[in-house]
Participant: 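Could you have a look at this structure, given as structure tokens, before my questions?
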There are 2 protein chains.
Amino acid sequence: MAHTNTEHEVLAVVFQVRQGEAPGARRKPALHVLLWQRALDPERGKWSLPGGRLGADEDLTSSVRRQLAEKVDLRQVAHLEQLAVFSAPDRVPGPRTIASTFLGLVPSPATPELPPDTRWHPVSDLPPMAFDHGPMVEHAHNRLVAKLSYTNIGFALAPGEFALSTLRDIYSAALGHPVDATNLQRVLERRHVITRTGTTARSGRSGGRPAALYRFADSRYRVTDEFAALRPPG
Amino acid sequence: MAHTNTEHEVLAVVFQVRQGEAPGARRKPALHVLLWQRALDPERGKWSLPGGRLGADEDLTSSVRRQLAEKVDLRQVAHLEQLAVFSAPDRVPGPRTIASTFLGLVPSPATPELPPDTRWHPVSDLPPMAFDHGPMVEHAHNRLVAKLSYTNIGFALAPGEFALSTLRDIYSAALGHPVDATNLQRVLERRHVITRTGTTARSGRSGGRPAALYRFADSRYRVTDEFAALRPPG
DNA sequence: GCAAAAGTGTTGAGCTTACACCCATGT
DNA sequence: ACATGGGTGTAAGCTCAACACTTTTGC
């Protein structure tokens with residue numbers, strides 16, 4: 001059995017919940033993914049996940065962090081975890097390259113500076129994707145949905161302090177279905193995932209009761225309830 | 001950034017539920033993992049997962065299948081899926097080697113021929129393991145436990161036809177806690193994971209009502225209920 | 001008849017969604 | 001006052017664990 005040298009690359013699927021950019025319309029926040037547009041062949045003009053070749057003395061995680069630093073302020077990336085490996089021999093042209101994919105999460109209010117070729121795209125409406133990067137996004141999204149149920153991973157999408165309605169919007173965007181703020185509160189409080197700060201937000205210009213502010217109890221990834229579920233309505 | 005060539009290996013954590021080998025005692029089936037003992041340094045005498053270097057024209061899955069064929073009859077491996085990548089630069093001596101790990105499952109009654117250096121070890125009592133193979137087994141076990149709840153993955157551990165008490169023993173061994181046969185039946189039947197064959201087994205020598213036989217409806221991996229849970233007692 | 005093993009019925013607990021109702025604030 | 005958004009209480013449903021009880025066999 002011949003062993004040619006294989007390249008190894010890492011690719012990151014970085015998500016953030018952001019307001020849509022429709023100016024007039026009522027903009028609901030939606031889940032977005034960070035992509036850059038290829039200026040050169042192959043697959044010129046199509047959109048790619050950030051990443052690149054693995055360095056000699058790096059493990060995968062260090063490599064992702066290094067490569068992401070070229071696109072976003074790393075301090076904004078609150079969570080990073082390994083996903084699947086894509087290894088089809090012909091998945092990219094040129095030397096045989098194995099790709100390890102990662103899931104990255106950026107909290108909501110942050111708006112990192114982006115290079116000119118790089119943009120946030122709504123996950124529900126992806127542009128033409130290079131190579132096998134489309135399925136990678138899908139895979140990452142599935143993982144995110146699953147982990148929102150049974151871990152505290154929401155901390156990596158939410159601001160430091162937030163009203164419950166804000167958190168509901170974030171969960172709703174990430175899960176892809178409506179979420180009841182009432183129940184979200186009880187579920188997350190019972191598991192001690194979120195706690196009240198004691199302070200309240202000010203009401204908007206149209207009035208309304210001021211919202212109590214919450215924060216995530218832990219800002220480190222934790223499995224909170226192995227058997228929990230946030231089910232879609234109906 | 002220098003890019004040295006990195007090797008890539010695949011390693012398989014292959015599980016089977018087997019009777020313990022205590023001769024006199026009441027032998028309860030337990031979850032076992034397939035290991036081979038290293039005859040040469042490094043880590044001579046310690047136990048390793050089956051696997052080896054990735055070939056030039058293989059994707060990861062083909063490579064695992066090829067390498068496993070040296071240890072067990074491949075037709076016995078009813079399920080194979082990707083797990084995590086281990087990439088610490090110094091995880092093994094010599095050239096930098098990245099390991100992709102896999103979970104493999106072998107149905108219960110099969111007893112494949114094994115090479116002389118290869119044996120089944122109970123997961124609850126592992127021998128000294130080479131390199132980072134110990135944590136790999138643990139990771140695979142966690143994945144198996146999780147998937148038994150919300151997928152039909154049990155088909156890959158169970159015989160083609162089986163009594164419910166047999167299935168209970170298998171689930172119990174794999175999950176690591178007692179399982180009630182009554183409830184297992186209802187849970188798996190409601191989800192159409194198992195169906196009755198219509199036939200029954202003969203009673204043992206000590207009498208008892210003959211058991212109805214079941215089979216898995218699908219012998220292909222399937223997510224049966226995203227939010228299901230088989231909880232430990234208590 | 002009696003022990004052993006399998007299968008059924010029933011209860012109760014836990015968690016979740018759904019929704020009606022009450023509270024606090026701005027104009 | 002009233003509209004607006006936030007928060008609480010409560011009911012109903014689903015799923016699962018627990019366990020007593022019935023059925024069917026061998027000796």
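Chain letters run A, B, ... following the sequence lines, proteins first and then strands; every chain starts at 1.
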Participant: Rounded to whole Å, how long is the line connecting atom CG of B:Asp225 with atom C1' of D:dC14?
Facilitator: 11 Å
Participant: Nearest to the side chain of B:Ala228, which nucleotide is it out of C:dA6, D:dG7, D:dC16?
Facilitator: D:dC16
Participant: Within residues 176-187 of chain A, find the residues that approach DNA chain D with a heavy atom at under 4.0 Å, and present them sorted by residue number.
Facilitator: A:Thr182, A:Gln185, A:Arg186
Participant: Would you say a side-chain N or O of B:Arg202 is under 4.0 Å from OP1 or OP2 of D:dT24?
Facilitator: no
Participant: Can you name the closest pair of heavy atoms from A:Leu157 and A:Ala174 and give their distance?
Facilitator: CD1-CB, 4.1 Å
Participant: Polar atoms only, N or O, under 3.5 Å: list the protein pairs with nucleotides 1-3 of chain C and their distances.
Facilitator:
none

Participant: I'd like to know if the side chain of B:Asn152 and the backbone of B:Arg222 have a donor-acceptor N/O pair within less than 3.5 Å.
Facilitator: yes
Participant: Give the rounded distance in Å between these two atoms: CD of A:Glu189 and P of D:dG9.
Facilitator: 12 Å
Participant: What's the CG-P distance between A:Leu167 and D:dG6, to the nearest Å?
Facilitator: 13 Å
Participant: Taking all non-hydrogen atoms of both residues into account, name the closest pair between A:Tyr171 and A:Leu148 and its distance.
Facilitator: CE2-CD2, 3.9 Å
Participant: I want to check one thing: is the phosphate of C:dG14, taken as OP1 and OP2, less than 4.0 Å away from some side-chain N or O of A:Arg191?
Facilitator: no
Participant: Rounding to a whole Å, what distance do you find between B:Leu188:CG and D:dT15:C1'?
Facilitator: 13 Å
Participant: Could you state the atom-to-atom distance from CD1 of B:Ile194 to P of C:dG7 in whole Å?
Facilitator: 10 Å
Participant: Among side-chain atoms of A:Asp59 and A:Ser62, is any donor-acceptor pair under 3.5 angstrom?
Facilitator: yes
Participant: Between B:Glu189 and B:Ile194, is there a donor-acceptor pair closer than 3.5 Å when you use the side chain of the first and the backbone of the second?
Facilitator: no
Participant: What nucleotide among D:dT24, C:dA24, D:dG6 has an atom nearest to a side-chain atom of B:Arg209?
Facilitator: D:dT24
Participant: Taking NZ, NE, NH1 and NH2 as the nitrogens, is one of them in A:Arg143 or A:Glu81 under 4.0 Å from a carboxylate oxygen of the other?
Facilitator: yes
Participant: Apply ring-ring contact (aromatic ring centres under 6.0 Å, His included) to A:Phe162 and A:Phe216, showing your working.
Facilitator: CA-CA 9 Å; A:Phe162 48 85; A:Phe216 275 84; 5.5 Å; yes
Participant: Have a look at A:Ala163 and say if it touches a base, only the backbone sugar-phosphate, or nothing, with a 4.0 Å heavy-atom cut-off.
Facilitator: nothing
Participant: So, for B:Tyr221 and B:His79, is the gap between ring centers shorter than 6.0 Å?
Facilitator: yes
Participant: Between B:Gln19 (side chain only) and B:Lys28 (backbone N and O only), is there a donor and an acceptor less than 3.5 Å apart?
Facilitator: no
Participant: Do B:Thr182 and B:Asp180 have side-chain atoms, one donor and one acceptor, less than 3.5 Å apart?
Facilitator: yes
Participant: Would you say that B:Pro159 contacts B:Pro107 through its side chain, given a criterion of any heavy-atom pair below 4.5 Å between the two side chains?
Facilitator: no
Participant: So which of residues 148-158 of chain A are in contact with DNA chain D, with a heavy-atom cut-off of under 4.0 Å?
Facilitator: none
Participant: With nearest nucleotides of DNA chain D determined for B:Arg231 and A:Arg196 from heavy-atom distances, which residue corresponds to the more 5′ nucleotide?
Facilitator: A:Arg196
Participant: So, does B:Arg190 get its side chain near the phosphate of D:dC16, meaning an N or O under 4.0 Å from OP1 or OP2?
Facilitator: yes
Participant: Please tell me whether A:His133 and A:Trp47 form a close aromatic pair, meaning their ring centres lie under 6.0 Å apart.
Facilitator: no
